[in-house]
Amino acid sequence: MFGLDWLAVSSTVLIASPEHLQILKAREDFATAQAFPDAEALRALDVITRQRPGVVALEKMFASTSRGAALINRIKADPALSACEIRIVAHDSEPARASSRPAQAAAETAVAVVEAPPAAPAAAPLDQRGTRRAPRFRIVEGVEVTIDGNPAALQDLSMVGAMVVSPTILRPNQRVRISLPDSNRPVRFSAGVAWASFEMPKGGPRYRAGIEFFDADPVALNRFIETNKK
């Protein structure tokens, strides 16, 4: 009996914003789903990877965010979750009708289920986002910068910008202070986040971002590039 109860509870995982979660849970097709608010997407992912549910349902507003796209990509990239069906659902649609047809055919006609969005593209290099105005150099592994006092891994660098990977949230158009480590003294200047994408690898969530420099010292910056480029 315990095994049957566990299967009934874990067959579907539902993720939505708090204001839509209760509406969706009231539907018959999600009555037994394990439900998580979108702020707890990481906890939901842990349940998904451990229990391997048959269905992961994402409310369409959450699915359209970078965090939702990252979760979808993470599930699709895991071979252990290849049998997991990802559904994008709307909180204001009619419940899907039960069907004895295969899941794929049922999904095509279910009112509440729509096509999953395409996988988010990998974060593009800085020059592909319209901010490249100078040659860009890959940086040796292990070099960290600080952004508003928080550490971030430096991926590449030019005289006008950089790409970083940060465990701290970075948002487009955010103004930040950058500090580059230097043997003489740190190189500090102001900058802005030109673009940012949320990623959810196995090691934990992170933000990949393109940074545009505003007032960096070109002499100090050039010295740092020559010292740390691959």
Side-chain angles (χ1 to χ4, degrees), residues 5-99 101-124 165 167 169-172 195-209:
D5 288 344
W6 181 87
L7 181 61
V9 170
S10 64
S11 62
T12 299
V13 169
L14 172 65
I15 306 172
S17 60
E19 62 267 28
H20 299 149
L21 202 57
Q22 291 306 312
I23 298 174
L24 288 168
K25 277 289 290 180
R27 286 174 26 171
E28 182 179 355
D29 46 343
F30 295 130
T32 61
Q34 293 188 78
F36 296 88
D38 53 4
E40 297 182 10
L42 284 178
R43 189 162 69 90
L45 178 62
D46 180 63
V47 170
I48 292 167
T49 54
R50 286 188 293 104
Q51 298 185 4
R52 303 178 188 177
V55 174
V56 174
L58 308 180
E59 202 283 324
K60 66 178 182 180
M61 293 184 66
F62 169 63
S64 66
T65 66
S66 60
R67 295 176 67 244
L71 179 62
I72 292 171
N73 291 342
R74 172 66 177 82
I75 294 171
K76 288 183 175 181
D78 192 337
L81 300 175
S82 59
C84 178
E85 178 186 350
I86 299 174
R87 295 183 184 177
I88 312 303
V89 300
H91 70 279
D92 54 356
S93 64
E94 293 296 324
R97 295 181 179 179
S99 174
R101 291 177 297 166
Q104 182 178 358
E108 291 174 354
T109 56
V111 176
V113 179
V114 298
E115 185 86 18
V165 174
I169 296 175
L170 293 173
R171 298 184 175 90
W195 58 267
S197 62
F198 180 80
E199 301 176 347
M200 195 178 294
K202 291 185 178 180
R206 65 187 185 187
Y207 292 80
R208 186 178 300 271

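What you see is a predicted model, and the numbers here were worked out from it, not measured in a lab.
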For [X], check side-chain contact (heavy atoms from CB on, under 4.5 Å) against everything at least two apart and list the hits.
X: Leu42; value: Met200, Pro205
X: Pro18; value: Pro37, Asp38
X: Ala80; value: Arg52, Asp78

Ignoring hydrogens and angles, tell me if any N or O in the side chain of Glu59 forms a donor-acceptor pair with the backbone of Met61 under 3.5 Å.
yes

Kindly say whether Ala31 contributes a backbone atom to a donor-acceptor pair with the side chain of Lys25 at under 3.5 angstrom?
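Indeed, once roles are kept as given, a pair shorter than 3.5 Å links the two residues.
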
Qualifying residues under side chain to side chain donor-acceptor pair (under 3.5 Å), relative to Glu40, sequence neighbours excluded
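Per chain and number, Glu40 pairs via side chain to side chain donor-acceptor pair (under 3.5 Å) with Arg43.
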
Among all residues two or more places apart in sequence or in another chain, which pass the side chain to side chain donor-acceptor pair (under 3.5 Å) test with Arg206?
Glu199

Nearest atoms (heavy-atom pairs only) where [X] meets [Y]:
X: Ala63; Y: Leu58; value: CB-CB, 4.1 Å
X: Val13; Y: Pro53; value: CG2-CG, 3.7 Å
X: Ala41; Y: Arg67; value: CB-NH2, 3.7 Å
X: Leu81; Y: Ile75; value: CB-O, 3.8 Å

Between Val47 and Arg50, does the side chain to side chain contact (heavy atoms under 4.5 Å, CB included) criterion hold? Intermediate values first, please.
CA-CA 5 Å; Val47 170; Arg50 286 188 293 104; 3.8 Å; yes

Does Leu14 form a side chain to side chain contact (heavy atoms under 4.5 Å, CB included) with Leu21? I'd like the steps, not just the answer.
CA-CA 8 Å; Leu14 172 65; Leu21 202 57; 4.1 Å; yes

Please list, chain by chain and in numerical order, all residues satisfying ring-ring contact (aromatic ring centres under 6.0 Å, His included) with Phe62, sequence neighbours excluded.
none

Taking only residues two or more places apart in sequence or in another chain, which ones pass ring-ring contact (aromatic ring centres under 6.0 Å, His included) with Phe198?
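Testing Phe198 for ring-ring contact (aromatic ring centres under 6.0 Å, His included), a comparison that skips the adjacent residues, returns Tyr207.
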
Atom pair CD1/CG of Ile15 and Leu45 - distance to nearest 0.5 Å
8.0 Å

Give the intermediate values and the outcome of side chain to side chain contact (heavy atoms under 4.5 Å, CB included) for residues Ile72 and Ile88.
CA-CA 10 Å; Ile72 292 171; Ile88 312 303; 4.1 Å; yes

